[in-house]
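Have a look at the structure below before the remarks.
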Amino acid sequence: MTMIQNFIAVYARKRWLLWVVLGLLAAALLVMPLLPIPQKNLWVRILGYAGLYILLGLGLLIHVGFAGMLDLGFAAYYGIGAYTYALLASRQFDIHLPFWGMLLVGGLVAALAGALISIPVLRLRGDYLAIVTLGFGEITRLLLLNLKGLTNGSQGVIGIDKPVLFGVVFNTGTHFYYLIFLLILLFTFLTNRLIQSRIGRAWLAIREDEDVAEMSGVNTIWYKLLAFVLGAFIGGLGGVVFASWQGSIFPDNFNLLVSINVLCLIILGGLGNQYGVIIGALALIALPDMLRGFSDFRMLIFGILLVVMMILKPNGFLPRVPPRLEKAADGKIKPREDRA
């Protein structure tokens, strides 16, 4: 942990180090499936699954880390995207729409659900918003479980089509590994641009103090709605990838534990930092599988590591770095009494 703390301290002064480390990490992950390492398929599965949670974390980060809206039902958007693809690209209704078009459709359906649920709750904050989103997540899971004529209930949807690109069928974990890798790069870049934009500054203003933001001219209703929609879109897109990779889905794949895990990983990585999501997912999702060799003690070791980490770094591995304009304002604007 001391090494990690030293790195964070240096990173606070020299941001380019982060890009070097992230570049080396990305290069290592890019070539890993091509190397002749022991149990390569297992590692591909573990890191690919962690990559799915990175996508979900980037979506929830918009809700919680950027706009300050505590969402405990994010698994609902994940499930909506997954079932949208499963019902339209499987033997369930004998419809077989192409994956690449459904990737966008699944995200848009989840975004529509996010818009609909946000309309009655945009005035809610804090614990009240958390309770409503928690209820939405459980209602979605129960609907998936009980609408047997549509979702096949607890028996789920099986025989889901695999993606096909230029005649290549995605029938191995390596194919999905690289697909998830590219999506992570894309949405990490997009979230970085968002937080540096006017939209990102409005979200941060709402997160810090919604009343002051509204009095300053920020249309809080519109920006909160936009946050709900964009975060849900990323969650639905992740659900489409999950359904196509697994080949079968069930309502319990989208329970409350999924939402809690996604929330925990963005807190662990550093709330408000899109790069911290990557570290948080690797620590929270991949690490327990890496510790399987310790058998019954793996979760004990994992829990101890989490407790120690949160004591030493309560703000996460990579605390939020203020945007350039925010840092510039902090350095240039002086208190009124200091002005000539």
Side-chain angles (χ1 to χ4, degrees), residues 41 44-45 48-49 51-53 55-56 59-60 73-117 133 135-180 182-183 228-229 231-259 261-262 285:
N41 291 335
V44 168
R45 181 76 183 183
Y49 190 61
L52 275 176
Y53 270 85
L55 282 178
L56 298 180
L60 186 60
F74 196 76
Y77 311 121
Y78 186 40
I80 289 171
Y83 268 88
T84 298
Y85 178 68
L87 295 177
L88 297 176
S90 70
R91 298 194 302 265
Q92 179 75 359
F93 297 109
D94 203 25
I95 302 174
H96 301 277
L97 297 181
F99 170 83
W100 304 105
M102 290 304 300
L103 185 64
L104 180 61
V105 171
L108 291 176
V109 172
L112 177 61
L116 293 177
I117 188 58
T133 54
F136 171 66
E138 285 301 291
I139 288 171
T140 301
R141 185 183 66 83
L142 291 173
L143 286 174
L144 295 176
L145 186 63
N146 291 287
L147 294 176
K148 297 181 180 180
L150 180 64
T151 65
N152 209 24
S154 60
Q155 296 181 0
V157 181
I158 61 175
I160 301 173
D161 296 343
K162 300 293 185 181
V164 179
L165 181 63
F166 300 122
V168 177
V169 180
F170 284 39
N171 52 13
T172 67
T174 302
H175 292 136
F176 287 97
Y177 177 92
Y178 282 115
L179 172 61
I180 294 169
L182 291 175
L183 290 175
F228 261 110
V229 168
F233 175 82
I234 298 176
L237 186 142
V240 173
V241 176
F242 171 72
S244 61
W245 186 9
Q246 184 163 283
S248 59
I249 57 172
F250 306 90
D252 284 343
N253 293 140
F254 314 103
N255 56 27
L256 176 61
L257 184 60
V258 174
S259 299
N261 280 337
V262 179
I285 306 302

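Position 1 is the first residue of the sequence; numbering continues from there. The shown structure was predicted, so the numbers you read here are calculated from the model rather than taken from an experiment. Values below: all heavy atoms of this structure, side chains included; hydrogens, waters and symmetry mates excluded.
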Could you measure the distance from the [atom1] atom of [X] to the [atom2] atom of [Y]? Nearest 0.5 Å is fine.
X      : Y      : atom1 : atom2 : answer
Phe228 : Leu116 : CZ    : CG    : 11.5 Å
Asn171 : Trp245 : CG    : CH2   : 13.5 Å
Ile180 : Leu55  : CD1   : CG    : 7.0 Å
Asp252 : Leu145 : CG    : CG    : 7.0 Å
Ile160 : His96  : CD1   : NE2   : 11.5 Å
Ile80  : Leu144 : CD1   : CG    : 7.5 Å

Quick one: are [X] and [Y] in side-chain contact, heavy atoms under 4.5 Å?
X      : Y      : value
His175 : Val168 : yes
Phe99  : Leu179 : yes
Val44  : Tyr178 : no
Asn253 : Gln246 : yes
Phe233 : Leu104 : yes

Quick one: closest heavy-atom pair of [X] and [Y], and the distance?
X      : Y      : result
Pro251 : Ser154 : CD-CA, 4.4 Å
Met102 : Thr84  : CE-O, 3.6 Å
Gln92  : Thr151 : NE2-C, 4.1 Å
Ser244 : Pro163 : CB-CD, 4.0 Å
Ala115 : Val229 : CB-CG2, 3.7 Å
Leu97  : Tyr85  : O-CE1, 4.4 Å

> So, Ser259 side chain and Phe74 main chain: donor-acceptor pair closer than 3.5 Å or not?
Replying inline: yes
> Are any side-chain N or O atoms of Tyr177 and backbone N or O atoms of Gly51, one a donor and one an acceptor, separated by less than 3.5 Å?
Replying inline: no
> Taking atom CG of Leu87 as the centre, does the number of heavy atoms from other residues, nucleotides or ligands within less than 6.0 Å exceed 12?
Replying inline: yes
>> Can you tell me how the ring of Phe242 sits relative to the ring of Phe254, calling it parallel under 30°, perpendicular over 60° and tilted otherwise?
In response: perpendicular
>> Does the plane of the ring in Tyr77 sit parallel, tilted or perpendicular to the ring in Phe136? Use 30° and 60° as the thresholds.
In response: tilted
